[in-house]
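Following: one structure in structure tokens, then a few remarks.
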Amino acid sequence: MLAAPALLSVISPRQPASASRGTIELDRWTLSAAVSSQPSQALLVDVELFAKDQDNMRPPPWPVISAFMRGHAMTGRPRTRALGPTRFQAILEPAMAGAWTVEIEADGNSLQIPITVR
């Protein structure tokens, strides 16, 4: 009977405490972003860019990601790393519990995604 909790955690791994998505249209690209709050109180930001036409040979814009805690003067600018030619990721840790806004800037446009860290 002692092995049951371990087996249960393998069958149903922990899900993010909170998750939000957003999309913005750029000049030649569509930027799609997902922000999740991890149980370790980290904000995980995944960004993917999709070319609007197949003949687009320009490299995608590099997204600049920042996060600020609403109601506090707390701002973070995590390092953005490339996971591929059109995929990017940033992790902000630690992120205090509370209401945050993640801002993703690319090509002079800005996408803001609210998220709650529990």
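By the criterion of side-chain heavy atoms lying less than 4.5 angstrom apart, applied directly or through intervening Ile, Leu, Val, Met, Phe, Trp or Tyr residues, Ile115 is grouped together with Met69 in one hydrophobic cluster. Residues Leu111 and Trp62 share a hydrophobic cluster, clusters being chains of Ile/Leu/Val/Met/Phe/Trp/Tyr side chains in contact below 4.5 Å. Under the 4.5 Å side-chain contact rule for hydrophobic residues, Phe68 and Val35 do not share a cluster.
The side-chain contact (heavy atoms from CB on, under 4.5 Å) check on Pro63 picks up Val47, Thr80, Phe88, Ile104, with sequence neighbours excluded.
Leu92 contributes atom CG, which lies 9.5 Å from atom OG of Ser66 (distance to the nearest 0.5 angstrom).
Between Leu43 and Val102 the shortest side-chain heavy-atom distance falls below 4.5 Å. Annotation: side chain of Ser37 is not in contact with side chain of Arg118 (no heavy-atom distance under 4.5 Å).
Shortest non-hydrogen contact noted between Leu49 and Pro61 is CD1-O, 3.5 Å. Considering every non-hydrogen atom in both Gly22 and Ile113, the closest pair reads N-CD1, 3.8 Å.
Residue pairs that meet the salt bridge (Lys or Arg N to Asp or Glu O under 4.0 Å) test with at least one member in residues 73-84, sequence neighbours left out, do not exist here. Pairs of residues two or more places apart, or lying in two chains, never qualify as ring-ring contact (aromatic ring centres under 6.0 Å, His included) while including a residue from residues 28-49. Note on residues 102-114: pairs passing side chain to side chain donor-acceptor pair (under 3.5 Å), not counting sequence neighbours, are Glu103-Ser110, Glu103-Gln112.
Without hydrogens or angle criteria, Ser20 side chain to Pro114 main chain gives a donor-acceptor distance under 3.5 Å.
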Side-chain donor-acceptor contacts of residues 93-101 below 3.5 Å, not counting sequence neighbours, with atom names and distances?
unit_1 : atom_1 : unit_2 : atom_2 : d
Trp100 : NE1    : Met96  : O      : 2.8
Thr101 : OG1    : Arg70  : NH1    : 2.8

What side-chain donor-acceptor pairs closer than 3.5 Å can you find for residues 50-60, not counting sequence neighbours?
unit_1 : atom_1 : unit_2 : atom_2 : d
Lys52  : NZ     : Glu25  : OE1    : 3.2
Lys52  : NZ     : Leu26  : O      : 2.6
Asp53  : OD1    : Asp55  : N      : 3.0
Asp53  : OD1    : Asn56  : N      : 2.8
Asn56  : OD1    : Arg58  : N      : 3.0
Asn56  : ND2    : Arg28  : O      : 3.3

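Other members of the cluster containing Leu44 are Ile91, with ILVMFWY side chains joined at under 4.5 Å, either directly or via other members.
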